[in-house]
Peer 1: 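Would you mind keeping the following structure in view while I ask a few things?
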Amino acid sequence: METRKEAIAFCKKLAGVYEDYPFHDDNWTVMRHRDTKKTFAYIFEKDGHIWINVKCDTEWRDFWRAAFPSVVPGFHLNKTYWNSIILDGSVPEKDIRRMITESYDLTKKK
């Protein structure tokens with residue numbers, strides 16, 4: 001997964017999800033839960049790559065950051081709960097999908 005289109009397509013496969021552009025800036029795509037409107041992924045371009053901000057369990061936050069140099073503290077978000085995944089080809093797709101899915105699970109209605 002290296003493009004915005006691929007990231008959006010994967011997010012849309014999750015149940016009850018929609019794509020939003022609340023900042024009136026086409027660079028920022030926000031993926032939300034339809035029922036609560038809670039955000040689980042921010043997709044944007046920065047420094048020539050697509051980035052995805054995902055919420056993460058604090059127990060896994062540092063694991064992901066240590067495992068991949070392209071997983072960094074969340075850009076423009078609370079770094080305690082959010083990581084940014086830089087889609088530069090260094091993070092395996094299965095791990096990107098897992099982090100997105102975990103963010104989806106953490107933000108869905110309980």
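Hydrogens, waters and symmetry mates are skipped; everything else that's a heavy atom, side chains included, is used.
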Peer 1: For Met1 and Glu93, work out which heavy atoms get closest and say how close.
Peer 2: N-OE1, 3.0 Å
Peer 1: After noting the C-alpha distance and the side-chain angles of Leu87 and Trp51, does the key distance pass the side-chain contact (heavy atoms from CB on, under 4.5 Å) rule?
Peer 2: CA-CA 6 Å; Leu87 302 185; Trp51 292 42; over 6 Å; no
Peer 1: Can you find a pair of side-chain heavy atoms, one from Tyr104 and one from Val17, that are under 4.5 Å apart?
Peer 2: yes
Peer 1: Tell me whether Tyr81 at atom OH has more than 12 heavy atoms from other residues, nucleotides or ligands lying less than 6.0 Å away.
Peer 2: no
Peer 1: How far apart are the C-alpha atoms of Tyr21 and Val30, what are their side-chain angles, what is the distance that settles it, and do they pass the side-chain contact (heavy atoms from CB on, under 4.5 Å) test?
Peer 2: CA-CA 6 Å; Tyr21 294 87; Val30 178; over 6 Å; no
Peer 1: Indicate yes or no: at least one non-hydrogen side-chain atom of Thr29 is less than 4.5 angstrom from one of Phe44.
Peer 2: no
Peer 1: Less than 4.5 Å apart, any side-chain heavy atom of Lys46 and any of Phe75?
Peer 2: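 With C-beta onward as the side chain, the pair touches.
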Peer 1: Should the heavy atoms of other residues, nucleotides or ligands under 6.0 Å from NZ of Lys79 be counted, would the total exceed 12?
Peer 2: yes
Peer 1: Looking at Arg32 and Asp20, is there a salt bridge between them, counting it only when a charged N and a carboxylate O are closer than 4.0 Å?
Peer 2: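 A salt bridge is present here (some side-chain N lies under 4.0 Å from a carboxylate O).
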Peer 1: Does Leu77 belong to the same Ile/Leu/Val/Met/Phe/Trp/Tyr cluster as Ile96, with side-chain heavy atoms less than 4.5 Å apart forming each link?
Peer 2: no
Peer 1: Please answer whether the main-chain N or O of Lys55 pairs with a side-chain N or O of Ser103 as donor and acceptor at a distance below 3.5 Å.
Peer 2: yes
Peer 1: Could you check Lys38 against Lys108 for side-chain contact (heavy atoms from CB on, under 4.5 Å), going step by step and ending with a plain yes or no?
Peer 2: CA-CA 7 Å; Lys38 283 189 177 183; Lys108 72 181 177 183; over 6 Å; no
Peer 1: Is the ring centre of Tyr42 less than 6.0 Å from the ring centre of Trp82?
Peer 2: yes
Peer 1: Near Asp26 CG, under 6.0 Å, is it more than 12 heavy atoms from other residues, nucleotides or ligands?
Peer 2: no
Peer 1: Side chains of Met99 and Ile85: does their closest heavy-atom pair fall under 4.5 Å?
Peer 2: yes
Peer 1: Testing the basics here: between Glu2 and Gly89, what is the closest heavy-atom pair and its distance to 0.1 Å?
Peer 2: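 So the two residues come closest at OE2-CA, 3.7 Å.
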Peer 1: Does any non-hydrogen side-chain atom of Ile100 lie less than 4.5 Å from one of Cys11?
Peer 2: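 Of all side-chain heavy-atom pairs linking Ile100 with Cys11, at least one is under 4.5 Å.
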Peer 1: Strictly distance-based, threshold 3.5 Å: is any side-chain N or O of Thr39 a donor or acceptor partner for the main-chain N or O of Ala41?
Peer 2: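 Checked: no pair found.
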Peer 1: Is there a side-chain contact between Phe40 and Leu14 in this structure, where contact means two heavy atoms from C-beta onward sitting under 4.5 Å apart?
Peer 2: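 Phe40 reaches Leu14 side chain to side chain.
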Peer 1: Report the distance from atom CD of Glu45 to atom OG1 of Thr3, rounding to the nearest 0.5 Å.
Peer 2: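 The CD atom of Glu45 sits 11.0 Å away from the OG1 atom of Thr3.
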Peer 1: Specify the closest pair of heavy atoms between Leu106 and Asp57, including all atoms of both residues, with the distance to one decimal.
Peer 2: CD1-N, 3.4 Å
Peer 1: Measure from NZ or CZ of Arg98 to the centre of the six-membered ring of Trp60, then state whether that distance is under 6.0 Å and the direction lies within 45° of the axis.
Peer 2: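 Yes; both conditions hold, so Arg98 lies above the ring face of Trp60.
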Peer 1: Hey, could you give me the CD1/CZ distance between Ile52 and Phe10, rounded to the nearest 0.5 Å?
Peer 2: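 Between Ile52 CD1 and Phe10 CZ, I get 9.5 Å after rounding to 0.5 Å.
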Peer 1: So which heavy atom on Val91 is nearest to which on Asp88, and how close?
Peer 2: N-OD1, 4.4 Å
Peer 1: Is there a side-chain contact between His33 and Lys109 (heavy atoms, below 4.5 Å)?
Peer 2: no
Peer 1: Using side-chain heavy atoms (C-beta onward) and a distance below 4.5 Å, is Asn27 in contact with Arg4?
Peer 2: yes
Peer 1: Could you grab the distance from atom OG of Ser90 to atom CG of Asp95, nearest 0.5 Å is fine?
Peer 2: 10.5 Å
Peer 1: Is it true that Asn83 and Arg65 share a donor-acceptor pair across their side chains at a distance under 3.5 Å?
Peer 2: yes
Peer 1: How far apart are the C-alpha atoms of Trp64 and Glu102, what are their side-chain angles, what is the distance that settles it, and do they pass the side-chain contact (heavy atoms from CB on, under 4.5 Å) test?
Peer 2: CA-CA 12 Å; Trp64 291 117; Glu102 287 174 358; 3.8 Å; yes
